[in-house]
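Scope of the values below: all heavy atoms of this structure, side chains included, with no hydrogens, waters or symmetry mates. Note on naming: letters A, B, ... go to the chains in the order of the sequence lines (proteins, then strands), and numbering restarts at 1 for each one.
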2 protein chains.
Amino acid sequence: MNAPPSDMTQALREAGYRLTRPRLAVLQVLRENEEGLDPQEVHRLGKALCPSLGLVTVYRTLDLLAELGLARRVHSEQHCHRFASATCGDAGRDSHHLVCRGCHRVVEFPCEGLEGLIEGVRQRTGYTITGHLVELSGLCPACQAAQADGEKEADL
Amino acid sequence: MNAPPSDMTQALREAGYRLTRPRLAVLQVLRENEEGLDPQEVHRLGKALCPSLGLVTVYRTLDLLAELGLARRVHSEQHCHRFASATCGDAGRDSHHLVCRGCHRVVEFPCEGLEGLIEGVRQRTGYTITGHLVELSGLCPACQAAQADGEKEADL
DNA sequence: GTGCTTGCAAACCCTTTGCAGTGAA
DNA sequence: TTCACTGCAAAGGGTTTGCAAGCAC
């Protein structure tokens, strides 16, 4: 059980938006589900916290949160329209996600070491680079262990 | 005007698929438009090459080509459902695109210098990294020039 | 000739819009 | 009390499915 996302409610408030139960529900759902959810899933889970929650409100709230940098859109080959909680604040437009192929959990990582790549591309292509989207995929430690167990069982 | 994409037709054939006019049209459209097209655009352009081309067929063909590695899905914050021609063959799952914010042209770039980043993330998170999606966005030289011209005019 | 492929129409489903009622400040 | 916000209903638009006709092999 997570504590209410006080940082985020603060940020919403400071941006001049009202703190309503539907918005709190969406925030809480994103916090409790790191794996990235699509609007339908947010709606389904959010109704547990706010039974009157409408799907339309989920769409509007997700847009709002993404705009404020409190949520971020997650893209992958399979799912393009998922949202995950952002750590906090206006994290800017660039995103660096690590998506687990097993449990779909999404974690962020600091994007150090990309400057060299960007500089090289800039020199080679003549483009000015203004944004980047880096999404790594792999297996988290838990899913690695689960996979190893599965293989052991298969060997019996 | 491009030559017919002979490598690709060969690959289609070898995979046991028939070479039909709609498929050739879709292939050709992807080849002639590097910037990445959504299915609607492929359909519109493809009708010039094959007037009877149906939108449904475009969807089915794009899926097929993506599966064979002849086309690749392009994701970005704005457009998640675009397709671009793959250089050729089964180019693997990893993609490195540079998207121009002005003209939406997509170019690929060699992804050197990412190993260090990946290794760092692996050590820090314990994840095994099996794939990556890197998309840089910016302005191509032509659009930079266009923008500069626009600003000059605005100054008058 | 065979059966994979196509195109049409319709179904589906996700997303957005319009609008009147509701509730946070 | 005010008006931003919500939920409902309906519209909108992209994508998929079913099926008979067409065409590559």
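- To the nearest 0.5 Å, the span separating CG on B:L65 from OH on B:Y17 amounts to 10.0 Å.
- Base contact: A:L55 has a heavy atom under 4.0 Å from a base atom.
- Closest-nucleotide positions on DNA chain D for B:D63 and B:T20 were compared, and the one nearer the 5' end corresponds to B:D63.
- Of the inter-residue distances, the one linking B:F83 atom CZ with B:R73 atom CZ reads 4.0 Å to the nearest 0.5 angstrom.
- Listed candidates were D:dT17, C:dA25, D:dG14. Nearest to the side chain of B:Q40 is D:dG14.
- As a whole-Å value, the separation of B:L27 CG from C:dT5 P is 14 Å.
- Of the listed nucleotides (D:dT6, D:dT16, D:dC25), D:dT16 has the atom at the smallest distance from the side chain of B:V56.
- Rounded to a whole Å, the OH atom of A:Y17 is 7 Å from the P atom of D:dC5.
- Note: CG (B:L62) to P (D:dG14) measures 15 Å, nearest angstrom.
- With the nearest nucleotide of DNA chain D identified for both B:H81 and B:R18, B:H81 has the one nearer the 5' end.
- The base of D:dG22 does not come close enough to the side chain of B:R21 for any donor and acceptor atom to sit less than 3.5 Å apart.
- Distance, A:R13 CZ to D:dA4 P: 17 Å, rounded to whole Å.
- Taking 4.0 Å as the cut-off between side-chain N and carboxylate O, A:R44 and A:E41 do not count as a salt-bridged pair.
- Atom-to-atom, CD of A:E14 to P of C:dA25 comes out at 14 Å; the value is rounded to the nearest Å.
- A distance of 12.5 Å separates CG in A:L62 from NE2 in A:H81, rounded to the nearest 0.5 Å.
- Between the NE2 atom of A:H43 and the P atom of C:dC13 there is a distance of 16 Å, given to the nearest Å.
- Nearest to the side chain of A:R23, among D:dG7, C:dG7, D:dT6, sits D:dT6.
- Atom CZ in B:R60 sits roughly 10 Å away from atom P in D:dT17 (whole-Å rounding).
- Of the candidate nucleotides C:dC14, D:dC5, C:dT6, C:dT6 has the atom lying nearest to any side-chain atom of B:T57.
- Rounded to an integer number of Å, the gap from B:R82 CZ to D:dG14 P is 13 Å.
- Separating the CG atom in B:L117 from the CD atom in A:E115 is a distance of 9.5 Å, to the nearest 0.5 Å.
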